[in-house]
Amino acid sequence: MANYLTLADRKIFNRMFLQLMLICLVLGFSLTKLHAQNPILLEKYIIDEGIENSEYLQTLLYDNVPAILISSEGIQEVRSGYPQRATLDASSLGSVSNAYELFRTVKLLQVNLTKEQDKSALRLNPELLKNFFNLNYVLINSTIPLTQAEVSSMVSGFEEGQYVILFTVNSIM
């Protein structure tokens with residue numbers, strides 16, 4: 001006796017196989033979906049982490065560490081050495097997509113917002129920051145009113161824990 005499937009059985013088998021494949025694809029995409037990283041107010045982060053645990057971040061922010069300024073005119077070293085901090089205006093963000101050797105050692109990227117138009121123009125994503133191999137922190141420093149929801153709309157595609165995304169309002173660093 002031959003062991004074979006009838007035409008009706010093959011159709012059922014094919015349909016079940018396609019359904020199973022569809023379920024696997026949906027599960028695969030849902031498991032690999034990137035969770036949006038929530039930006040944190042700088043002051044809240046320092047309080048939540050504690051002074052001792054945020055000492056490194058505070059050193060990067062407030063001490064005289066080697067740094068670079070990125071502007072439309074180019075890159076300027078503020079203090080020689082391996083830069084730990086990079087500061088730029090939102091309008092100069094496009095220049096960070098170029099691979100510069102100086103970007104390799106940067107731990108903190110500070111983006112300054114000074115105009116209302118900067119809020120709608122600023123879009124950060126992992127592809128834009130790929131040349132910052134040692135980046136730990138992204139700080140959006142705004143001199144204009146800014147909410148956490150607005151900052152969330154400026155950053156996309158970051159995995160939880162990839163970078164610590166911080167923002168601060170109405171201060172000049």
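Between the side chain of T147 and the main chain of E150, a donor-acceptor pair closer than 3.5 Å is present. For D118 (side chain) and K115 (main-chain N/O), a donor-acceptor pair under 3.5 Å exists by modelled atom type. Proximity of a side-chain donor or acceptor of N134 to a complementary backbone N or O of R104 within less than 3.5 Å is detected. At distances below 3.5 Å, not a single donor-acceptor pair connects side-chain atoms of Q19 with backbone N or O atoms of M16. Between the side chain of R85 and the backbone N or O of L61 there is at least one donor-acceptor pair closer than 3.5 Å. Without hydrogens or angle criteria, S92 side chain to L88 main chain gives no donor-acceptor distance under 3.5 Å. The backbone N or O of L113 lies less than 3.5 Å from a partner atom in the side chain of T143, making a donor-acceptor pair. Listed for the K107 side chain is no donor-acceptor partner under 3.5 Å among the backbone atoms of P83.
Among Y82, F132, F133, the one residue that satisfies the ring pair (Phe, Tyr, Trp, His ring centres under 6.0 Å) test with F103 is F132. The side-chain contact (heavy atoms from CB on, under 4.5 Å) with V138 is formed by just one residue from the set L129, V155, V164, L166; it is L129.
The distance from the CG atom of L109 to the CG atom of L139 is 9.0 Å, given to the nearest 0.5 Å. To the nearest 0.5 Å, atoms CD (Q58) and CD (E52) are separated by 9.5 Å. Here the CG atom belonging to N141 is positioned 8.5 Å from the CG atom belonging to L42, to the nearest 0.5 angstrom. With rounding to the nearest 0.5 Å, the separation of NZ in K119 from OG in S153 is 9.5 Å. How far CG of L57 is from CD of E49: 9.0 Å, rounded to the nearest 0.5 Å. Taking CD of Q84 as the start and CG of L108 as the end, the distance is 10.0 Å to the nearest 0.5 Å.
For Y163 and Y137, the ring centers sit 6.0 Å or farther from each other.
Connection of F167 to I47 is not established within any shared hydrophobic cluster, with ILVMFWY side chains joined at heavy-atom distances below 4.5 Å, either directly or through further cluster members.
For CD of Q148, the number of neighbouring non-hydrogen atoms (other residues, nucleotides, ligands) closer than 6.0 Å is greater than 12.
Closest of all the heavy-atom pairs between I68 and L102 is CG2-CD1, 4.0 Å. A pairwise comparison of heavy atoms in P66 and G81 identifies CB-C, 4.2 Å as the closest pair. A pairwise comparison of heavy atoms in V96 and L93 identifies CG2-O, 3.0 Å as the closest pair.
The stretch residues 128-145 participates, sequence neighbours left out, in these salt bridge (charged side-chain N to carboxylate O under 4.0 Å, His left out) pairs: E127-K130.
Side-chain contact, E43 with T168: a donor N or O sits under 3.5 Å from an acceptor N or O.
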Intermediate values then yes/no, side chain to side chain donor-acceptor pair (under 3.5 Å), E55 and N53
CA-CA 6 Å; E55 190 173 325; N53 294 335; over 6 Å; no
Does the pair T87 and Q110 meet the rule for a side chain to side chain contact (heavy atoms under 4.5 Å, CB included), with working shown?
CA-CA 5 Å; T87 304; Q110 177 178 323; 4.1 Å; yes
